[in-house]
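Atoms within a ligand are numbered from 1 in the order they appear, just like the ligands themselves.
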Amino acid sequence: MINTPRGTYDILPEEAKKWQLLENTLRKWCKRYQIQEIRTPIFEYTDLFQRGVGETTDIVQKEMFTFSIKNKENSDKDDIKSFTLRPEGTASTVRAFINNKLYGQPQPTKLFYMGPMFRYERPQAGRNRQFSQFGIEVFGSDHPSIDAEVISFANHIFKDLGIKNVRLEINSVGCPTCRQQHKEIMMNKLAEVREELCTDCDNRFERNPLRILDCKNEACKQLTQDAPLLSDHLCSDCDEHFKSVQKYLLALEIPFHINPRLVRGLDYYTQTAFEFMEDSIGAMSTICGGGRYNGLVEQLGGQDTPGIGFAIGLERLLLALDNNKTTIEDDYGIDVYAIALGEEAHVAVLKMIDQLREHGLDCEKDFLNRSMKAQMKAANRLKAKHTIIVGEAELADNKAIIRNMETSEQQAISFDGVVNYLLGGSK
Ligand code: ATP
Ligand code: MG
């Protein structure tokens with residue numbers, strides 16, 4: 001027997017219903033906010049993620065599924081290309097924004113994506129190697145009201161899904177100018193404890209000290225307790241932007257906490273950073289992470305364009321849904337189950353349900369030549385509203401018995417009239 005690869009899983013039909021409900025809710029909110037869908041490839045050139053996610057991130061350092069392929073059309077040369085399964089959606093969306101000149105359209109551009117992402121991580125609760133994200137990216141505005149719009153969009157989704165105990169944390173990571181100042185102060189301060197930091201943080205020390213504040217290691221958290229906070233060193237523009245975002249959130253009555261240690265520590269992440277947490281789902285409690293990235297479009301070869309977005313981990317969101325006992329409307333009863341007894345009867349009912357389906361009804365029939373009793377059982381299991389019954393006697397009369405499964409009323413209807421009867425009767 002062959003199993004799924006470690007860190008991947010099957011979504012079986014019962015579970016898939018939940019996914020569909022969730023996806024429908026997400027699409028509904030996208031329409032309300034006028035956010036349009038974009039679908040990008042599942043794999044890209046490795047370089048895109050190295051530059052777009054950042055060389056110093058965990059994703060690029062240790063979590064990418066990367067493979068190299070020799071260009072077969074060019075077999076003489078050493079033409080080998082490196083590809084990576086997408087670990088997140090922002091880099092691809094930015095690439096598509098640039099490649100397809102979406103900046104030429106009226107701005108802002110509001111895009112969403114939904115689909116599988118791949119990260120080579122140690123699988124555990126809330127952490128898989130293939131997982132799904134829903135995310136949005138908004139390009140072309142650095143007005144603080146759009147930061148609030150993006151956050152309120154996520155907040156509406158959680159509210160609509162009945163997830164009650166969601167916490168919003170926000171911070172500002174400033175801009176390259178204020179970060180440079182902070183970086184120097186931070187390195188001076190942390191030099192005292194550098195030797196006690198974990199190896200990851202030791203590496204971050206030179207390359208990207210701000211990320212040390214993001215370390216999940218308890219010892220590092222302790223050691224950096226008194227590290228200088230970026231929020232105390234914001235330049236006046238960034239400070240003003242941050243205050244404005246808070247003003248808009250207050251106006252929208254969205255509760256938030258300022259977490260000065262919340263960072264997205266790459267040069268192209270700027271100003272607003274935020275996370276939504278839901279504690280019922282365990283240690284991996286972040287269901288949504290996002291922020292502003294005013295330097296990213298330029299970093300990937302486009303014109304200087306502001307951007308902001310977030311990604312929601314859909315597995316964790318579904319876990320939160322279960323924990324909040326949010327039920328799904330379960331109206332999955334079918335319209336018609338057709339019961340046939342005998343070869344000719346199967347022909348007759350197959351034709352009937354074929355026409356009914358064409359008219360939009362959900363139909364099923366028996367395909368195993370089972371007994372009347374077994375077919376009736378199947379009709380009940382599928383919560384059929386009506387059954388069509390055709391046996392030898394009915395065939396001889398050219399009539400079918402239509403049974404209303406709720407009232408148990410039965411009527412004999414001529415074959416020609418069945419479709420009309422059910423189309424009227426099932427409304
Ligand atoms: P974490 O700190 O949990 O590793 P992250 O910073 O790597 O999160 P992001 O890259 O911001 O996460 O991704 C956004 C969201 O995607 C996360 O908040 C989480 O809900 C989800 N997510 C990330 N990695 C995984 C994974 N391996 N399995 C399942 N969901 C994931
Ligand atoms: Mg991670």
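For K28 and D160, the salt-bridge test passes: some basic side-chain N is under 4.0 Å from an acidic carboxylate O. The pair E149-K110 meets the salt-bridge criterion, with a side-chain N (NZ, NE, NH1 or NH2) lying under 4.0 Å from an Asp/Glu carboxylate O.
Between F274 and F310, the ring planes are perpendicular. Angles over 60° get that label, and only those under 30° would be called parallel.
Among protein heavy atoms, the minimum distance from atom 7 (O) of ligand 1 is reached at R119 NH1, 2.9 Å. Scanning all protein heavy atoms for the shortest distance to atom 21 (C) of ligand 1 gives G313 CA, 3.6 Å. Considering only non-hydrogen protein atoms, atom 16 (O) of ligand 1 sits nearest to Q133 NE2, 3.0 Å. Closest protein heavy atom to atom 3 (O) of ligand 1: R127 NH2, 3.0 Å. Scanning the protein heavy atoms around atom 18 (O) of ligand 1, the nearest turns out to be T286 O, 3.1 Å. F131 CE1, 3.5 Å is the protein heavy atom nearest to atom 22 (N) of ligand 1.
The N/O atoms of E315, backbone and side chain alike, include none that comes under 3.5 Å of an N/O atom in ligand 1.
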For residues 91-98, which side-chain donor-acceptor pairs fall under 3.5 Å, sequence neighbours excluded?
| from | atom 1 | to | atom 2 | distance (Å) |
| --- | --- | --- | --- | --- |
| S92 | OG | E44 | OE2 | 3.3 |
| T93 | OG1 | G89 | O | 2.7 |
| R95 | NE | E44 | OE1 | 2.8 |
| R95 | NE | E44 | OE2 | 3.3 |
| R95 | NH1 | N99 | OD1 | 2.8 |
| R95 | NH2 | E44 | OE2 | 2.9 |

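The closest approach between K216 and ligand 1 falls below 4.0 Å for a heavy atom of the residue.
In summary, the aromatic rings of F134 and Y113 are positioned with their centroids too far apart to meet the 6.0 Å limit.
Applying the side-chain contact (heavy atoms from CB on, under 4.5 Å) test to R194 and every residue at least two apart in sequence or in another chain returns D202, F205, E206.
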